Amino acid sequence: MRPLNSIIQEVISEAPEVRTFRLDRNLDPAPGQYVMVWIRGVDEVPMSFSGPDTITVQSVGVATQALFQFSAGDSLGLRGPLGNGFILRGKNILLIGGGVGTAPLAFLGEQARSQGLEVASLLGFRSRDDLIFETRFEALGDTYITTDDGSVGIHGRVAEGLKGLNLSEYDQIYICGPEMMMWDIISKTREHAGKTQACINRYFKCAAGICGSCCLDPDGVRVCVEGPVIMADRLLESEFGRYRRGPSGGKGLCKG
Ligand SMILES: Cc1cc2nc3c(=O)[nH]c(=O)nc-3n(C[C@H](O)[C@H](O)[C@H](O)COP(=O)(O)OP(=O)(O)OC[C@H]3O[C@@H](n4cnc5c(N)ncnc54)[C@H](O)[C@@H]3O)c2cc1C
Ligand code: FES
């Protein structure tokens, strides 16, 4: 798939380290799918869609910092939409997100509401300053917020918010966020893993199922094509939450 050129229409500051880029192309993505964003002369990196024509980016390193220098009128290369998306099931769903991982869930929740589903959300952030998409989620239904420092909502990690919820009430659970946050939730709610769809993150190079960079041990699931949305019961027996491979293929412990 050749990259398409796209002109940035608008840049929205969501939080000090998070910006949304509205593009001039609607690639008709499903929530959970991603796009490879080519920042010319720098790198090509995977980003989830936060809406039909938007990506929401956290500045963490070389490519994302370069993207933060871009403004309306600048151009990017796009390859996508890629991978599988979330599948809406049942009538009553719960979204569980952490940080910028809330981006594809906001998109999913809006699609679910437009189809008449009941949507509740549990969202975790480091602090008040990091909160994003609060109004988007509140427009969908009950929204529970946790912050690590207690500046908004429940004081503690996202799993603290589980204590007030009865997960049996939900037909399907959707989760996206930092790996250790997702692992914390998935490992504490094992009995619901068969109805939990997780949008996960690995080091992507080709994003075409060829290079093997993103494969999960032990069964070699290629996250770039068979994911990034994977049922949580499959993750329970995998490397997820334990280690991940970096750019050179070496194993490193999961962080964050
Ligand atoms: C399917 C998927 C969807 C994603 N969606 C979003 C999103 O919506 N918003 C967002 O802010 N981030 C998202 N990411 C993460 C984003 O791709 C990385 O933050 C980005 O690639 C970092 O590049 P960098 O050069 O700025 O940072 P670097 O300095 O290169 O690295 C910072 C971190 O990003 C990881 N990373 C670097 N390059 C890649 C790569 N090619 N593939 C995967 N991880 C990489 C590194 O392992 C490291 O942990 C997603 C990743 C995947 C796999
Ligand atoms: S990134 Fe190459 S196989 Fe997935």
Side-chain angles (χ1 to χ4, degrees), residues 1 11-23 27 29-70 76-86 97-108 125 130 132-133 175-182 197-217 219-230 240 243-256:
M1 181 186 281
V11 181
I12 303 158
S13 175
E14 308 284 2
E17 292 171 5
V18 181
R19 289 184 193 166
T20 293
F21 296 82
R22 186 173 304 284
L23 308 169
L27 299 175
Q33 284 191 299
Y34 67 97
V35 61
M36 290 302 282
V37 179
W38 178 29
I39 302 140
R40 293 181 179 89
V42 183
D43 204 351
E44 191 192 29
V45 290
M47 291 289 156
S48 300
F49 289 93
S50 54
D53 59 356
T54 56
I55 55 170
T56 297
V57 180
Q58 179 165 25
S59 174
V60 294
V62 177
T64 48
Q65 279 163 17
L67 195 50
F68 268 42
Q69 305 306 311
F70 284 37
L76 298 165
L78 302 178
R79 257 194 312 144
L82 298 171
N84 65 357
F86 293 112
V100 77
T102 54
L105 296 177
F107 183 21
L108 176 72
F125 300 94
D130 299 308
I132 58 172
F133 300 141
I175 181 166
C176 186
E179 183 150 335
M180 292 319 289
M181 166 246 149
M182 284 202 271
Q197 299 180 33
C199 184
I200 75 162
N201 193 311
R202 277 293 176 272
Y203 200 92
F204 287 8
K205 289 180 184 168
C206 69
I210 298 167
C211 72
S213 165
C214 65
C215 290
L216 281 187
D217 290 339
D219 56 3
V221 180
R222 294 165 306 164
V223 177
C224 68
V225 288
E226 290 152 69
V229 176
I230 297 182
F240 189 78
Y243 63 88
R244 57 189 296 150
R245 292 178 191 275
S248 63
K251 286 183 187 176
L253 291 177
C254 294
K255 293 177 279 178

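Everything numeric here is computed off the predicted structure, so don't read it as measured data. Read the numbers this way: they start at 1 and go in the same order the structure lists the ligands and their atoms.
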Which is closest to [atom] by heavy-atom distance: [options]?
atom	options	answer
atom 14 (N) of ligand 1	P46, G61, A66	P46
atom 37 (C) of ligand 1	Y34, Y203, F49	Y203
atom 3 (S) of ligand 2	C215, P228, A208, G212	G212

Can you name the atoms of ligand 1, numbered from 1 with element, that are less than 4.0 Å from a heavy atom of [X]?
X	value
Q58	10 (C), 11 (O)
R202	42 (N), 43 (C), 44 (N), 53 (C)
V60	19 (O), 22 (C), 26 (O), 27 (O), 32 (C)
N201	14 (N), 15 (C), 50 (C), 51 (C), 52 (C), 53 (C)
V57	11 (O)
V45	21 (O), 23 (O)

[X] side chain vs [Y] backbone, donor-acceptor pair below 3.5 Å:
X	Y	value
R244	N201	yes
K205	I210	no
Q33	G83	yes
Y34	C224	yes
R19	F68	yes

Would you confirm whether any non-hydrogen atom of the protein falls under 4.0 Å from [atom]?
atom	answer
atom 39 (C) of ligand 1	yes
atom 47 (O) of ligand 1	yes
atom 42 (N) of ligand 1	yes

Q.
At less than 2.8 Å, would any N/O/S atom of C214, backbone or side chain, sit next to atom 2 (Fe) of ligand 2?
A.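 Looking at C214, which is the residue asked about, there is no N, O or S atom under 2.8 Å from atom 2 (Fe) of ligand 2.
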Q: Return yes when at least one N/O/S atom of C224 is nearer than 2.8 Å to atom 2 (Fe) of ligand 2, and no when none is.
A: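 Short answer: no, not a single N, O or S atom is under the cut-off.
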Q) Can you list the atoms of ligand 2 that are under 4.0 Å from a heavy atom of A207? A)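 Those qualifying, in numeric order: 1 (S), 2 (Fe).
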Q. At a 4.0 Å threshold, what atoms of ligand 2 neighbour a non-hydrogen atom of G209?
A. 3 (S)
Hey, are the side chains of [X] and [Y] touching, using non-hydrogen atoms and a 4.5 Å cut-off?
X	Y	result
W38	M36	no
C199	V229	yes
F133	E14	yes
F107	P52	yes
D43	V62	no

Q: Using a 4.0 Å heavy-atom threshold (strictly under), name the region of A103 that reaches ligand 1: side chain, backbone, both or neither.
A: neither
Q) Taking heavy atoms and a distance under 4.0 Å, where does I55 meet ligand 1: side chain, backbone, both or neither? A) neither
Q: Return yes when K205 approaches ligand 2 closer than 4.0 angstrom through a heavy atom, no otherwise.
A: yes
Q. How many angstroms lie between atom CZ of F204 and atom CG of L82, to the nearest 0.5 angstrom?
A. 9.0 Å
Q | Gap separating the CZ atom of F240 from the CZ atom of R202, nearest 0.5 angstrom | A |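 F240 CZ to R202 CZ: 6.5 Å, rounded to 0.5 Å.
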Protein contact to [atom] [nearest heavy atom, distance to 0.1 Å]:
atom	answer
atom 24 (P) of ligand 1	A63 N, 3.5 Å
atom 1 (C) of ligand 1	F204 CE2, 3.6 Å
atom 30 (O) of ligand 1	V62 N, 4.9 Å
atom 26 (O) of ligand 1	T64 OG1, 2.5 Å
atom 12 (N) of ligand 1	M47 SD, 3.5 Å

Q | Steps toward side chain to side chain contact (heavy atoms under 4.5 Å, CB included) verdict (L105, F86) | A | CA-CA 9 Å; L105 296 177; F86 293 112; 3.8 Å; yes
Q) Is any N or O atom of S48, backbone or side chain, closer than 3.5 Å to an N or O atom of ligand 1? A) yes
Q. Does the N or O separation between T56 and ligand 1 drop below 3.5 Å for any pair?
A.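 T56 vs ligand 1: N/O contact under 3.5 Å present.
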(Q) Among T54, D53, V57, which residue satisfies the side-chain contact (heavy atoms from CB on, under 4.5 Å) criterion with F21? (A) V57
Q: Please work out the angle at atom 2 (Fe) of ligand 2 defined by atom SG of C211 on one side and atom SG of C206 on the other, rounded to 10°.
A: 100°
Q. Do you know which two heavy atoms are closest between A63 and V45, and how far apart they sit?
A.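 That would be CB-CG1, 3.7 Å.
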Q. Using a heavy-atom cut-off of under 4.0 Å, does the side chain or the backbone of I210 touch ligand 2, or both, or neither?
A. backbone
Q | Identified side chain to side chain donor-acceptor pair (under 3.5 Å) counterpart of S50 within the set T56, T102, T20 | A |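 Passing option: T56.
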